[in-house]
Amino acid sequence: QVQLVESGGGLVQPGGSLRLSCTASGSIFSRNALGWYRQAPGKQRELVATISSVSSGGITNYKDSVKGRFTISRDNVKNTLYLQMNSLKPEDTAVYYCNAKVEYILGVYGPDYWGQGTQVTVSS
């Protein structure tokens with residue numbers, strides 16, 4: 001089993017910034033593809049940003065609506081995934097989940113592991 005623990009959520013005003021962190025244990029962190037997903041009440045869980053394993057070059061991709069505002073990064077020494085969120089909008093309000101899976105090769109993955117989620121609320 002892989003354990004993922006998110007932190008950094010909270011209440012922020014529109015236009016503000018927040019940084020989410022996800023610490024991982026129980027796996028070889030550098031081999032994992034990592035991502036952030038979010039889910040608002042009554043909505044499907046959606047991809048926010050992903051970053052591939054170290055061996056495949058840490059390729060990032062983003063949901064279109066967060067491009068230019070959010071940055072996903074990983075610290076392979078600290079076994080930590082980050083999501084820097086700037087210029088936050090009310091529609092960013094959701095529970096944010098950390099995701100990890102072993103990347104055998106780019107595009108070929110093992111099972112998904114999820115953190116418990118952290119609430120992000122963007123409101124005046």
Side-chain angles (χ1 to χ4, degrees):
Q1 293 293 320
V2 176
Q3 294 82 44
L4 302 170
V5 180
E6 301 100 330
S7 62
L11 175 64
V12 65
Q13 294 183 351
S17 297
L18 208 59
R19 186 177 71 172
L20 306 183
S21 299
C22 173
T23 58
S25 62
S27 69
I28 307 300
F29 187 78
S30 64
R31 297 180 183 176
N32 289 337
L34 305 168
W36 290 99
Y37 293 72
R38 67 188 183 189
Q39 188 168 26
K43 306 281 284 186
Q44 292 183 315
R45 187 173 297 186
E46 64 179 2
L47 181 148
V48 178
T50 60
I51 184 166
S52 69
S53 71
V54 173
S55 62
S56 64
I59 301 165
T60 60
N61 70 84
Y62 298 89
K63 175 181 172 66
D64 285 345
S65 64
V66 309
K67 288 179 180 177
R69 300 190 297 121
F70 291 9
T71 302
I72 188 170
S73 62
R74 60 192 296 163
D75 186 328
N76 299 302
V77 175
K78 297 180 178 180
N79 286 4
T80 301
L81 174 71
Y82 300 99
L83 184 67
Q84 178 66 47
M85 304 185 292
N86 299 325
S87 301
L88 283 161
K89 303 175 180 180
E91 54 262 42
D92 296 318
T93 296
V95 177
Y96 283 69
Y97 296 91
C98 177
N99 170 270
K101 53 193 175 185
V102 174
E103 183 183 294
Y104 298 108
I105 192 171
L106 190 64
V108 181
Y109 308 103
D112 288 289
Y113 294 88
W114 298 93
Q116 82 288 350
T118 185
Q119 177 70 48
V120 172
T121 303
V122 184
S123 176
S124 298

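- There is a path of hydrophobic side-chain contacts, each under 4.5 Å, that joins Val12 to Val66.
- Among residues two or more places apart in sequence or in another chain, the salt bridge (Lys or Arg N to Asp or Glu O under 4.0 Å) test is passed with Lys89 by none.
- Between Thr23 and Asn79 there is no side-chain heavy-atom pair separated by less than 4.5 Å.
- Using the six-membered ring where Trp is involved, Phe70 and Tyr96 have ring planes that are tilted, between 30° and 60° apart.
- For the pair Arg38/Lys63, a side-chain contact is recorded, criterion being any heavy-atom separation below 4.5 Å from C-beta on.
- At least one side-chain heavy atom of Leu34 sits under 4.5 Å from a side-chain heavy atom of Phe29.
- Side-chain atoms of Ser25 and Gln3 include a donor-acceptor pair closer than 3.5 Å.
- Residue Asn61 holds its CG atom at 6.0 Å from CG of Leu47, rounded to the nearest 0.5 Å.
- Under the 3.5 Å distance criterion, the side-chain polar atoms of Glu6 are matched with a main-chain donor or acceptor of Gln116.
- Under a hydrophobic-cluster definition in which Ile, Leu, Val, Met, Phe, Trp and Tyr are linked whenever side-chain heavy atoms come within less than 4.5 Å, directly or via other members, Tyr62 and Leu88 are assigned to the same cluster.
- Between the side chains of Asn86 and Ser17, at least one donor-acceptor pair of N or O atoms lies under 3.5 Å.
- A side-chain N or O of Ser55 and one of Ser53 form a donor-acceptor pair less than 3.5 Å apart.
- Taking the ring centre of Tyr97 as origin, the terminal cationic atom of Arg45 falls inside the region bounded by 6.0 Å and 45° from the ring axis.
- Considering OG of Ser65 and CG of Asp92, their distance stands at 7.0 Å, rounded to 0.5 Å.
- Residues Val122 and Trp36 are members of one and the same hydrophobic cluster, defined by side-chain heavy-atom contacts under 4.5 angstrom among Ile, Leu, Val, Met, Phe, Trp and Tyr.
- The local environment of CD in Glu91 is crowded, with over 12 non-hydrogen atoms from other residues, nucleotides or ligands closer than 6.0 Å.
- Ile105 and Tyr109 are not part of a single hydrophobic cluster, where members link through side-chain heavy atoms under 4.5 Å apart.
- Between Thr93 and Ser123, the closest side-chain pair of non-hydrogen atoms is not below 4.5 Å.
- Here the CG atom belonging to Leu20 is positioned 12.0 Å from the OH atom belonging to Tyr82, to the nearest 0.5 angstrom.
- Using a 4.5 Å cut-off between side-chain heavy atoms of Ile, Leu, Val, Met, Phe, Trp and Tyr, with links allowed through other members, Leu81 and Val120 fall into the same hydrophobic cluster.
- Ala24 and Leu4 get closest at one heavy-atom pair: CB-CD2, 3.5 Å.
- A donor and an acceptor atom, one from each side chain of Glu103 and Ser56, are located under 3.5 Å apart.
- In this structure, CD in Gln84 is found 12.5 Å from CD1 in Ile72, a value given to the nearest 0.5 Å.
- Side-chain contact between Thr118 and Val95: absent, with no pair of heavy atoms (C-beta onward) separated by less than 4.5 Å.
- Counting non-hydrogen atoms of other residues, nucleotides and ligands closer than 6.0 Å to CZ of Arg69 gives a total above 12.
- Listed by first and then second residue, the salt bridge (Lys or Arg N to Asp or Glu O under 4.0 Å) pairs that reach into residues 110-124 are Lys101-Asp112, sequence neighbours excluded.
- Across all non-hydrogen atoms, the minimal contact from Ser52 to Gly58 is OG-N, 3.3 Å.
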